[in-house]
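In what follows, a single structure is set out as structure tokens and then discussed.
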Amino acid sequence: MNSIADVWKNVLERLRGQLSDTTVDTWFDEVEVITMEDSAFVLHCSNDFKKSYIERLFVKHIKEVLRDIFSMDLEVKILNDAQLTAYHGVAPDRPGELYESDTFTFETYVVGPSNKLAYAAAKAVAEDPAKKYNPLFIYGDSGLGKTHLLYAIAHQIMRRDSDAKIVYIRGDEFTNELVDAIRGGKNAEFREKYRQADVLLVDDIQFIAGKQQTQEEFFHTFNTLHEAKKQIVLTSDRPPREMTLLEDRLKTRFEWGLMVDVAPPDFETRLAIIKMKAGLLGVKLPDEISSYIAENVTANVRQIEGTLNKILAYRDLLGDKVDEEAVGRAVRDMLIKSNEYVPSAQAITEYVAKYFSLDTEVLQGQSRNRDVVNARQIAMYLIRRMISMSLVDIGKEFGGRDHATVLHSLDKVETKMRSDPAFAEVVKAITTNINSKK
């Protein structure tokens, strides 16, 4: 293999040994390889639907093939057009996909009783930033459209003022960027990026709770922007008062403006969402089939999208008609996936390591540092609780520790959860976010 293009050609040939020719031809025809660097294999796909589908179903196959070729684990990143532009350094540090895409706008957001107030507040902020509700704090369970509203705000503001400096970040990414800035001595650049923003959009702000230095940095960023009359919009899975590890001074500031919640959509709203999403995907659904989906897929918008994507896959890959039988299969698959999701021990370990800003190898190693031991015990507890792995096998995941050591760790976590509400909240937050990866 003489080039990265040859590697990708080899990957596709090997994929044909695992998947059908039709599958490879259908889903990978718009994928091109960009580069391989920093232990990552970077691809580009202009079609957002295919990109999402490949990420969900086929990335694991690509990783296995790359492992066979290079005898090492590589991450696989798939970029859309806006991300590719940013990757090549053409775009500034604002997220182009937020305002250039027509997918996540106010026009494509289906409004119902469960989200009417959040929609109205977001629209008011987009039309007149920093004048009415600052900050705007939107909370609710995963998959109910909070991120859609953030994107819609960015899209609306950029439509009116293309020079507006919009910064979008997830709470955990804010922490990661801060750590990288400290390590690289780039604190000034980090602060300038966020404190010079006209609009700051932070998704899943709950991730900063319990991280002292991150909270300190965000506190000053918040104050700088608020005093400069710049708009701040935050989303979370819970209201500030329920974040036991969040500093009181941040709780107070998050409650300064307007707090609104989004709840699971009712039947009529789900039905409207299904018809709108189906139209965007080019699927014509009879009313009785749309109603069937709305009656059976009730948890959140993400489940509805997953069901429609499955229906589209049946149609494109198998040539199936979009009839009641195909829809029934898609609904059953989605409900099984939702109800039977089981993370792997490695996935749990990797998430716990990321949550505490540790390397996975350190967490699984022999370090006796107090913070590492605390994180390791939580990882052991969650593996036992979430997938019922034996004590011996859990020990093998962490450097061959014996079952007595693992049992001690489990007891330690359970005891501390009963006596320390803040610690229990950390374990709960980690559990919730591991489950949300499904």
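- For an aromatic pair to be called close, the ring centres must be under 6.0 Å apart, and Phe174 with Tyr194 satisfies this.
- In terms of heavy atoms, Lys51 sits closest to Leu79 at CE-C, 3.9 Å.
- Proximity of Gln231 to Asp198: side-chain heavy atoms (C-beta onward) are nowhere separated by under 4.5 Å.
- When side chains are defined from C-beta on, Leu200 does not count as touching Phe222, because their heavy atoms never get closer than 4.5 Å.
- Comment: Arg384 does not engage Glu414 in a salt bridge, judged by the lack of any side-chain N to carboxylate O separation of less than 4.0 angstrom.
- Rounded to the nearest 0.5 angstrom, Glu32 CD and His44 NE2 are separated by 6.0 Å.
- Ile166 has its side chain within reach of Met158: a pair of non-hydrogen atoms, C-beta onward, lies under 4.5 Å apart.
- When each of Lys211, Arg195, Lys193 is checked for a salt bridge (charged side-chain N to carboxylate O under 4.0 Å, His left out) with Glu217, only Arg195 meets the rule.
- The closest side-chain donor-acceptor pair between Gln212 and Glu216, if any, does not fall under 3.5 angstrom.
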Side chain to side chain contact (heavy atoms under 4.5 Å, CB included) assessment of Gln364 paired with Thr349:
CA-CA 8 Å; Gln364 293 175 314; Thr349 303; 3.8 Å; yes
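- A donor-acceptor pair under 3.5 Å links the side-chain atoms of Asn47 to the main chain of Lys50, judged by distance alone.
- The closest side-chain heavy-atom distance from Asn374 to Phe423 is below 4.5 Å.
- In this structure, the side chains of Ile157 and Pro129 come closer than 4.5 Å at one or more pairs of heavy atoms.
- For NZ of Lys412, the number of neighbouring non-hydrogen atoms (other residues, nucleotides, ligands) closer than 6.0 Å is 12 at most.
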Assess the residue pair Phe137 and Val233 against the criterion (side chain to side chain contact (heavy atoms under 4.5 Å, CB included)); give the C-alpha distance rounded to whole Å, side-chain angles, the decisive distance to 0.1 Å, and a yes or no.
CA-CA 6 Å; Phe137 192 100; Val233 185; over 6 Å; no
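- In summary, Asp203 and Arg170 do not engage in a salt bridge, as defined by a charged side-chain N under 4.0 Å from a carboxylate O.
- In this structure, Tyr168 and Tyr151 have perpendicular ring planes: the angle between them is above 60°, well past the 30° mark.
- In plain terms, the two heavy atoms of Val352 and Ala375 that are nearest each other are CG1-O, 3.5 Å.
- A salt bridge links Glu75 with Lys63: at least one charged nitrogen is closer than 4.0 Å to a carboxylate oxygen.
- Residues Pro240 and Met259 are in side-chain contact: their nearest non-hydrogen atoms beyond the backbone lie under 4.5 Å apart.
- Other residues, nucleotides and ligands contribute over 12 non-hydrogen atoms within 6.0 Å of the CZ atom of Arg160.
- Lys77 has its side chain out of reach of Leu43: every pair of non-hydrogen atoms, C-beta onward, lies at least 4.5 Å apart.
- Nearest heavy-atom pair across Leu258 and Ala121 is CD2-CB, 3.7 Å.
- With 3.5 Å as the limit, one finds a donor-acceptor pair spanning the side chains of Asp402 and Thr405.
- When side chains are defined from C-beta on, Ile138 counts as touching Leu149, because their heavy atoms get closer than 4.5 Å.
- Considering all non-hydrogen atoms of both residues, Ala181 and Asn187 come closest at O-OD1, 3.4 Å.
- Counting heavy atoms of neighbouring residues, nucleotides and ligands inside a 6.0 Å radius, atom OH of Tyr133 does not exceed 12 of them.
- Enclosure of atom NE2 in His403 is not indicated, since only 12 or fewer non-hydrogen atoms of other residues, nucleotides or ligands lie within 6.0 angstrom.
- A distance of 9.5 Å separates CG in Asp172 from OG in Ser357, rounded to the nearest 0.5 Å.
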Decide side-chain hydrogen bond (donor to acceptor under 3.5 Å, both in side chains) for Ser344 and Gln346; before the verdict, give the C-alpha distance in whole Å, the side-chain angles of both, and the deciding distance to 0.1 Å.
CA-CA 5 Å; Ser344 66; Gln346 185 65 18; over 6 Å; no
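- Classified by interplanar angle (parallel below 30°, tilted 30° to 60°, perpendicular above 60°), the ring pair Trp256/His226 is tilted.
- A distance-only check finds a donor-acceptor pair linking the side chain of Gln215 to the backbone of Glu247 [under 3.5 Å].
- Panel note: side chain Ser419, backbone Thr415; a donor-acceptor pair is recorded below 3.5 Å.
- Across Ile208 and Gly171, no two heavy atoms sit closer than the pair CG2-O, 3.8 Å.
- Taking the six-membered ring where the residue is Trp, His148 and Tyr109 present perpendicular rings, their angle passing 60° and hence far from 30°.
- Under the 4.0 Å criterion applied to side-chain N and carboxylate O atoms, Lys186 and Asp180 are not assigned as salt-bridge partners.
- Here the CD atom belonging to Glu64 is positioned 9.5 Å from the CG atom belonging to Leu15, to the nearest 0.5 angstrom.
- Of all the heavy atoms in Lys230 and Ala130, the pair that sits closest is C-CB, 3.8 Å.
- The residues Lys123 and Glu127 are annotated as salt-bridged, a charged nitrogen and a carboxylate oxygen being separated by less than 4.0 angstrom.
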Please determine whether side chain to side chain contact (heavy atoms under 4.5 Å, CB included) holds for the pair Thr235 and Leu201, giving the CA-CA distance in whole Å, both sets of side-chain angles, and the decisive distance to 0.1 Å.
CA-CA 8 Å; Thr235 75; Leu201 309 171; over 6 Å; no
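- To the nearest 0.5 angstrom, Ile273 atom CD1 is 12.5 Å from Ser290 atom OG.
- At least one test fails for Arg253 against the ring of Phe219: distance under 6.0 Å to the centre or angle within 45° of the axis.
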Please assess Arg376 against Val373 for the test side chain to side chain contact (heavy atoms under 4.5 Å, CB included), listing each intermediate value before the final yes or no.
CA-CA 5 Å; Arg376 185 184 298 133; Val373 171; 3.9 Å; yes
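- Relative orientation of the Trp8 and Phe41 rings is tilted, given thresholds of 30° and 60° on the angle between their planes.
- Around the CD atom of Gln213, the shell of radius 6.0 Å holds no more than 12 heavy atoms that belong to other residues, nucleotides or ligands.
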